[in-house]
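None of the values given here were measured: they were computed from a predicted structure.
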Amino acid sequence: MERPYRTVPEQTSGMPSGVPYIVVNEAAERFSYYGMRAILFYFMTHQLMGAAGSPEPMTEAEALPWYHLFLASVYVFPLLGAIVSDVWLGKYRTIISLSLVYCLGHVALAADETRAGLAAGLGLIAIGSGGIKPCVSANVGDQFGPTNQHLVERVFGWFYLAINLGAAISASMTPILLKRYGSHVAFGVPGALMFVATLVFWLGRHRYVHAPPAGMNFLREARSPAGLRALARLSTLYLFVAVFWCLYDQTSSKWIAQAEKMDLNVPFYGAIEPAQTHVMNPVLILMLVPLFTYVIYPALGHVITLTPLRKVSLGFFLTALAFVVSAVIEGWIAAGERPSIGWQAIAYLIITSAEVMVSVTCLEYSYTQAPRTMKSLIMALNLLSVALGNALTVVVNKAILTPDGKSRFEGPDYYWLFSGIMLAAALGFMGISWIYLSRQSTSEATA
């Protein structure tokens, strides 16, 4: 008979023993997701097969809604996973169950190169990947008690590094697998890593804190004054963060299409595949997270009080700047030039710096601001901002189409449009956060 699971954190001032299993699981799971995602847009526009077995790729205009609606779905299903976890199953059983669905999605993609296989695979991956997202991040925080709570911020940093280590390796490897061995192998390898991720998580089951589901207490706390305040405060943040994701996630669609028209020769390496350009993001994350944590944030702290909301505001302005760089690149391409991929590397450096300021900050801020029984739900709402951002990408792209199906914003105009949208959101958020911080300072002064 299997021994009972731990339900309270270890009494230790060090790292909980279950954390290494969670971090390794996350690295392998992110390898599977980002490996699949790195080649997805290119596969749809170049190697998708028809029902008769002949090549039938999508056009870029047709693939863009497919791609971003899939990303939106991945970040809608966290709401389902959070409710199932917090009310009925608990985080551990939810993660194990939906990880198996996730594995089946990879199998469908690897086995069937047609639109039917694509739809089935992406649907199952959206349910599995989306459903476990809020549970995994909330499960990290559950491992800590009062004696080691000071280590939470450090572990969330490791957690984010694990995500990007897996993403960096897979984003560089799967485009080569696709070119050399085809989609069966290129989608199959990420599927194998997802199975490994599930196995590693299961092996650590006796080392985790298994926080019991809250049942109806979850709904009562969500409707309490503290719960409603947390939901209102964080939901306002997430609506603005959605605009960030609208631009950021186009780095794996529009930026890859842009890279196809650029000089892809890298000094001391040679030519790379267009889909490999996205590896710049996770590689930069691995360097920038410690740089921001130990150098940039302390330096900025000597100039201004660097609150989480101010970090997010600065990240928004950087995102708008990254799309200005993309607009300049597209202008050169429209003029008949073939600019070096090094110029896109500059845009990646800027937008990845924005990601550190927006995404990592929101992850930490969401967990610390969430009531105890609503951790998974709040994490799901944070992820829902990604879904809203990708839905916004689809809506804007549909809105700018002419009746004959052409875009009103071609070439550099497309990037200028989205840069303007981000700049407007940054200014609006800066104003709202200034009002909030002013009220918070007033409340503290009168308390």
Side-chain angles (χ1 to χ4, degrees), residues 5 16-40 70-71 73-75 77-78 80-82 84-85 89-111 121-143 155-174 177 185-210 279 282 285-286 363 376 379-380 383:
Y5 297 134
S17 61
V19 165
Y21 290 88
I22 296 173
V23 172
V24 172
N25 160 264
E26 185 66 10
E29 186 272 328
R30 290 292 83 187
F31 181 106
S32 74
Y33 175 75
Y34 282 107
M36 173 276 301
R37 179 172 153 176
I39 59 175
L40 181 58
F70 162 67
L71 294 188
S73 299
V74 168
Y75 292 96
F77 279 106
L80 174 64
V84 169
S85 166
L89 296 183
K91 299 178 187 69
Y92 173 77
R93 286 196 292 167
T94 302
I95 292 169
I96 284 292
S97 302
L98 291 178
S99 290
L100 296 175
V101 175
Y102 197 164
C103 290
L104 289 175
H106 280 292
V107 170
L109 273 183
L122 295 184
L124 290 169
I125 289 173
I127 294 169
S129 174
I132 69 174
K133 281 182 186 296
C135 306
V136 172
S137 52
N139 190 46
V140 174
D142 285 346
Q143 307 310 307
V155 169
F156 270 118
W158 290 359
F159 189 70
Y160 210 78
L161 288 175
I163 290 172
N164 287 281
L165 179 62
I169 297 171
S170 62
S172 60
M173 188 164 86
T174 51
L177 293 176
V185 173
F187 285 125
V189 170
L193 263 292
M194 185 58 223
F195 176 78
V196 170
T198 306
L199 178 62
V200 168
F201 188 75
W202 177 79
L203 289 173
R205 64 196 182 281
H206 289 295
R207 297 181 180 271
Y208 308 138
V209 174
H210 292 248
V279 76
I285 280 287
L286 293 171
L363 184 65
S376 293
M379 289 298 182
L383 295 167

Which pair of non-hydrogen atoms, one from [X] and one from [Y], has the smallest distance, and what is that distance?
| X | Y | answer |
| --- | --- | --- |
| Gly35 | Ser170 | N-OG, 3.2 Å |
| Gly128 | Val101 | N-CG1, 4.3 Å |
| Pro190 | Ala186 | CD-O, 2.9 Å |
| Gly81 | Thr94 | O-CG2, 3.9 Å |

### Task
Kindly say whether the aromatic ring centers of Tyr208 and Phe201 come within a distance under 6.0 Å.
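Ring centres of Phe201 and Tyr208 closer than 6.0 Å.
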Quick check for you: to the nearest 0.5 Å, what is the distance between [X] atom [atom1] and [Y] atom [atom2]?
| X | Y | atom1 | atom2 | result |
| --- | --- | --- | --- | --- |
| Ser97 | Ile132 | OG | CD1 | 11.0 Å |
| Leu122 | Leu109 | CG | CG | 5.0 Å |
| Asp142 | Ile22 | CG | CD1 | 8.5 Å |
| Leu98 | Leu124 | CG | CG | 11.0 Å |

Minimum side-chain heavy-atom gap [X]-[Y] below 4.5 Å:
| X | Y | answer |
| --- | --- | --- |
| Phe187 | Met36 | yes |
| Ile125 | Met194 | no |
| Ser99 | Trp202 | no |
| Phe31 | Val189 | yes |
| Lys133 | Val74 | yes |
| Phe70 | Leu40 | yes |

### Task
Using the test side chain to side chain donor-acceptor pair (under 3.5 Å), find all partners of Asn25 that sit at least two apart in sequence or belong to another chain.
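For Asn25 there are no side chain to side chain donor-acceptor pair (under 3.5 Å) partners, ignoring immediate neighbours.
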### Task
For side-chain contact (heavy atoms from CB on, under 4.5 Å), just list the numbers for Arg37 and Leu71, CA-CA rounded to whole Å, side-chain angles, deciding distance to a tenth of an Å, and then say yes or no.
CA-CA 9 Å; Arg37 179 172 153 176; Leu71 294 188; 3.9 Å; yes
### Whether His210 side chain and Arg205 backbone form a donor-acceptor pair below 3.5 Å
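Judged by distance alone, yes, a pair lies under 3.5 Å.
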#### Entry: Test log, rule side-chain contact (heavy atoms from CB on, under 4.5 Å), inputs Ser129 and Glu29
CA-CA 9 Å; Ser129 174; Glu29 186 272 328; 4.0 Å; yes
### Task
May I have the step-by-step check of side-chain contact (heavy atoms from CB on, under 4.5 Å) for Thr174 and Tyr34, ending in yes or no?
CA-CA 9 Å; Thr174 51; Tyr34 282 107; over 6 Å; no
